[in-house]
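The structure under discussion appears below in the form of structure tokens.
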Amino acid sequence: MVNKKVLLGMSGGVDSSVSAILLQKQGYDVIGMSFVFCENSDNIKDTQEICDALNIPLHIVDAKKEFKKYVIDDFIACYSNCQTPNPCIECNKYMKFGLMYEKAKQLGCEYIATGHYAKTEYSHEYDKWVIKKSNSINKDQTYVLWNIPKETISHIIFPLSDFENKDEIRKIAKENNLQVHNKPDSEDICFIPDGNYKKYLEKNSNIKPRKGNIVNSVGKILGKHTGLYNYTIGQRKGLGIQNEVPLFVIGFNEEKNQVIVGEKEELYKKEVLATDINLLLVDEIREPLEVQVKTRYSAKSAKAKIVQDGNNIRAIFDEPQRAITPGQSIVFYLGDILIGGGKISSSN
């Protein structure tokens, strides 16, 4: 008998709720699971109501310890090292496709599912299961999936893979009398609900305001900053500098406690070095490969050539790219197929 038990990650939002409905319609035996990551996990009540309405059992897993270790501590470490983190990517790797997959095996589930906008598909060309971009290009979330364990791919279901827009999802929720049909999308970092990451860092780490100089690329002092963690690559506003042409943050000198600024042209970089790489499609890049690359979740894809050296990959862009930011992810694609990615270490 085919095992159609699936463990669905549920957040109390409309995407995961509709995912449950779609899986049930496809004949899956759905079990819900919600993580408790923080003390203020307000979504458990909504999730329980949804599961009750759909007659789905819900497992609530206290993962505060693991979440702090793998997500929050990494978040703080990045800012301590003048990097800009993406906590969703760490959460996907260790929590949603790591810990949840282990829980699924314990519960006898063959599959795990989430409400991500992405798709899994068997590729005869590569003779393996692959992750591909969602049909909803505006909502595609493969950028945050590059770092998941590759052995999970054949066990993942993305029920929302074929939907073109969010309105269709909300319509299904409303037709099934789910109160979350008009619940707003969550856009904040889940453990910083007010969105003030600077205040969070000051309260929960050794990172404190420490004034220093704002300088240009040749070291000329142009102003004062309030702490390196208050700035990010590409930032223009809030610098407090009078200049004939607009200036942007282009880098940091951690040793000298300096924010480095420059003109718009200085934001553009031709090459990126990626470390901590994770390849899903192939085991290694044996020869220079022409690919599409994204350096931010909201960025458009850019053409590049990638070359692997050990656990690093160098990407050389066809056209220089703006505001390459250490700590963010660089993600590689062949057509719609997700190859993998890495953490941006440096650029030039």
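Quick note: numbers below take in every heavy atom, side chains included, and nothing from hydrogens, waters or symmetry partners. Only a predicted model underlies this, so the values are computations on that prediction, with no experimental measurement involved.
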For the [atom1] atom on [X], are there more than 12 heavy atoms of other groups (residues, nucleotides or ligands in this structure) within a distance under 6.0 Å?
X: Asp194; atom1: CG; value: yes
X: Lys105; atom1: NZ; value: yes
X: Lys128; atom1: NZ; value: yes

[Y] six-ring face occupied by [X] cation (under 6.0 Å, within 45°):
X: Lys270; Y: Phe317; result: no
X: Lys93; Y: Tyr70; result: no
X: Lys294; Y: Tyr297; result: yes
X: Lys139; Y: Tyr117; result: yes

| query | When you check the gap from the basic side-chain N to the acidic O, do Asp309 and Arg314 get nearer than 4.0 Å? | reply | no
| query | Could Arg286 and Glu284 be called an ion pair, given the rule that one side-chain N must be under 4.0 Å from one carboxylate O? | reply | yes
| task | Establish, yes or no, whether a centroid distance under 6.0 Å links the rings of Phe97 and His116. | result | yes
| field | Ring centre gap for Tyr94 and Phe67 strictly below 6.0 Å | value | no
| same_hphob_cluster(Leu281, Ile148) at 4.5 Å side-chain heavy-atom cutoff | no
